Amino acid sequence: MTQTPFSQAETAAEKRLFIKTYGCQMNVYDSERMADVLRPLGYATTDDAAEADFVILNTCHIREKAAEKIYSELGKLREMRDERRQAGRDMTIAVAGCVAQAEGEEIMRRQPAVDIVVGPQAYHQLPELLTRTARARGERIGADFAPDDKFDALPVARGTTGPTAFLTVQEGCDKFCTFCVVPYTRGAEWSRPLHAVLEEARQLAGRGVREVTLLGQNVNAYDGERADGKKATLAELAYALADIPGLDRIRYTTSHPNDMSDDLIAAHADLDALMPYLHLPVQAGSDRILRLMNRKHGRQKYLDLIARIRAARPDMALSGDFIVGFPGETDREFEETLDLVRQVRYASAFAFMYSPRPGTPAAGMGRQVEPEVARERLQRLIALVSEQQVAFNQAQVGRTLNVLFERPGRHPERRQAIGRSPYLQSVHVDDADHLIGRIVPVQILSGRQNSLHGHLISQQKAA
Ligand code: SAH
Ligand code: SF4
Ligand code: F3S
């Protein structure tokens, strides 16, 4: 038997890294990549901030609440750091992500315990920033946009484990919806070259990943360079990914209605690996509000698009995002949102109360919707989408769905495992813990708002 040599990273791991992630899936991906970049420096991740030598808050700026949470979290970290210092140890504190990009030095002004502020395009500079901090604390570097540098400089090797993984293929946004900070925090739309994405995907498949979720703020605007210098579309990328042995499921998020091209819709009809679930935010159902939001599409165009998608893939599960209480939204305009939701019949949807963000055009439109009114609208919208979600889940009862088992459930005594259906529903199955990492047909017995329950069809039970 040959002995596997320990990698340098494993032997050198004596320092502890704690990363707390807020916001969207891209932040989850970025947090993993930050851990990857710090592993060769001897940092192993921990779940306990108090025992960490290095703490990173990977932040989100999308709504006021998300951004403000960071400052109370930093206050707690400062206390932890002081306790560690009394015990003769130290703690380096970094703020990464979209708050770092948007608020920069102001973070250090508001909380001097912060050592490093690093924007989303500069994570590859973390080792250098850490080293500098050790010498002179309180420096802010690297919040400039240099996306190609970032991906080139990040290590290819990923520490991911488990059968599913995120993979960023596109970053940034040129849409400038009037309520949104993302174009300012993530910069201009930019796509990674096709070969770089495929290489990362092959590597993931080699580690046992069966499903990738391609990430981008406007992922369906993907136009990564091909070897011949031309641009590849997201559909082309999906076809190429589907050829990678072991990679059986492809998802992507988030899409913009205006970038939902014909070849992508056709790929959904054609490609088994492309899962029948689509997150396609519309934000509102009123043309006037959509115009004020600068969404560059109207209500009917969205509904027509949904009809074309369903014609190509009749079982497509749809998901969306909605904002209620946008400046000036009337009761009637809100009713149009409810009506659109009723027409589309979503499998799931996210509803948010409008939050004015500094520097965005909508923040200057005045806050004409009373918070109580907006809150009531939010409740009504949530009630409607919950109803639709329950209906969608219950409609699966009696069907047999392929489930990719991802992890053990909360009932080890029943050997429970949890996986996902093609429609991204969470499926709980007993006597299935030996099937993690496999895709197996499951008969659905019941459906609740957030999960399905099913059982294995007899052949797998013996396995
Ligand atoms: N296209 C992006 C959207 C990111 S923001 C992506 O990659 O996911 C996610 C959702 O947050 C948006 O679709 C929108 O519904 C909501 N949102 C954005 N700005 C907001 C604001 N100022 N107030 C309330 N909700 C907002
Ligand atoms: Fe924000 Fe609109 Fe861009 Fe989505 S498309 S990230 S909502 S500006
Ligand atoms: Fe938040 Fe930035 Fe994502 S603002 S939603 S973490 S792109």
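One-based numbering, in listed order, for ligands and for the atoms of each. Because only heavy atoms are used, hydrogens play no part in the values below, and waters and symmetry mates are left out as well, while side chains stay in. Since we're looking at a predicted model, the values are computed, not measured.
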_Heavy-atom count check: over 12 atoms from other residues, nucleotides or ligands less than 6.0 Å from Q449 CD?_
yes

Report task. Report yes or no: does G216 have a heavy atom closer than 4.0 Å to ligand 1? Result -> yes

Note: ligand 3 atoms sitting under 4.0 Å from heavy atoms of Q217 are 7 (S)

Legend entry - R33 vs D36, salt bridge (Lys or Arg N to Asp or Glu O under 4.0 Å): CA-CA, chis, key distance, verdict: CA-CA 5 Å; R33 302 304 269 138; D36 292 340; 2.9 Å; yes

In this structure, atom 5 (S) of ligand 1 is nearest to the protein heavy atom I62 CD1, 3.3 Å

N218 heavy atoms within 4.0 Å reach ligand 2 at atoms 5 (S)

Note: heavy atom closest to atom 3 (Fe) of ligand 2, options G172, P183, C173, P281, belongs to C173

Check: of H61, Q283, Q217, min heavy-atom distance to atom 15 (O) of ligand 1 comes from Q283

Among non-hydrogen protein atoms, atom 17 (N) of ligand 1 lies closest to R63 NH1, 3.5 Å

Closest to atom 1 (Fe) of ligand 3 among protein heavy atoms sits C60 SG, 2.4 Å

Can you confirm whether something in the protein, heavy atoms only, sits under 4.0 Å from atom 3 (C) of ligand 1?
no

For atom 3 (Fe) of ligand 3, the closest protein heavy atom turns out to be C24 SG, 2.3 Å

field: Greater than 12 external heavy atoms within 6.0 Å of R448's CZ
entry: no

Ligand 3 contacted by Q25 (non-hydrogen, < 4.0 Å): no

If you scan protein heavy atoms around atom 6 (S) of ligand 3, the nearest is N27 ND2, 3.2 Å

Ranking G23, P183, C98 by closest non-hydrogen atom to atom 2 (Fe) of ligand 3, top hit is C98

F179 heavy atoms within 4.0 Å reach ligand 2 at atoms 7 (S)

For atom 8 (O) of ligand 1, the closest protein heavy atom turns out to be T254 OG1, 2.8 Å

Could you tell me if Q425 and N393 have a donor-acceptor pair between their side chains, going purely by distance under 3.5 Å? yes

shortest atom 9 (C) of ligand 1-to-protein heavy-atom contact is with D321 OD2, 3.7 Å

Measure the distances from the heavy atoms of H61 to every atom of ligand 3 and state whether one is below 4.0 angstrom. yes

Practice problem: Determine, step by step, whether E370 and R377 satisfy the salt bridge (Lys or Arg N to Asp or Glu O under 4.0 Å) criterion, reporting the C-alpha distance in whole Å, the side-chain angles of both residues, the deciding distance to 0.1 Å, and the verdict. | Solution: CA-CA 11 Å; E370 294 296 319; R377 288 179 190 167; over 6 Å; no

Residue, atom and distance of the protein heavy atom nearest atom 21 (C) of ligand 1 read S355 O, 3.6 Å

Of all protein heavy atoms, the one nearest atom 2 (Fe) of ligand 2 is C177 SG, 2.3 Å

Nearest non-hydrogen protein atom to atom 19 (N) of ligand 1, with distance, is F179 CD1, 3.2 Å

Rounding to 0.5 Å, atoms CG (D30) and OG1 (T168) come to a distance of 6.0 Å

Atoms of ligand 2 under 4.0 Å from any heavy atom of H256, numbered from 1 in the order shown, are 5 (S)

One finds that the ligand 1 atoms under 4.0 Å from a non-hydrogen atom of R357 are 22 (N)

Is there a nitrogen or oxygen of Y354 sitting under 3.5 Å from a nitrogen or oxygen of ligand 1? no

The reported gap from CD in Q217 to SG in C173 (rounded to nearest 0.5 angstrom) is 7.5 Å

### Message
Any carboxylate oxygen within less than 4.0 angstrom of a Lys/Arg side-chain nitrogen, looking at R226 and E236?
### Response
yes

Counting heavy atoms under 4.0 Å, the part of F352 that contacts ligand 1 is side chain

Quiz item: So does E73 pair up with K76, basic N to acidic O under 4.0 Å?
Solution: yes

Q: Check the surroundings of atom CG in D315: do more than 12 heavy atoms from other residues, nucleotides or ligands lie under 6.0 Å from it?
A: yes

Ion pair D339/R299, N-O distance below 4.0 Å:
yes

Within the structure, is a non-hydrogen atom of R186 found at a distance of less than 4.0 Å from ligand 2? no

Note to self: Main chain of Y346, side chain of S319: is a donor-acceptor contact present, judged purely on distance under 3.5 Å?
What the structure shows: no

- Message: So that I can tick it off, tell me whether D248 and R210 are bridged by a salt bridge, with the cut-off set at under 4.0 angstrom between side-chain N and carboxylate O.
- Response: yes

### Query
Can R132 and E128 be counted as an ion pair, charged N to O under 4.0 angstrom?
yes

If you scan protein heavy atoms around atom 1 (Fe) of ligand 2, the nearest is C180 SG, 2.3 Å

Does a donor on one side chain and an acceptor on the other come within less than 3.5 Å for N58 and S31?
yes

With heavy atoms and a 4.0 Å threshold, my read on which part of R186 contacts ligand 3 is side chain

Check: Charged N to carboxylate O under 4.0 angstrom, R308 versus D262?
Finding: yes

Checking heavy atoms under 4.0 Å, the part of T254 that sits near ligand 2 is neither

The closest protein heavy-atom partner of atom 24 (C) of ligand 1 is M353 O, 3.4 Å

Scan side-chain atoms only and decide if S191 and D223 contain a donor-acceptor pair under the 3.5 Å cut-off. yes

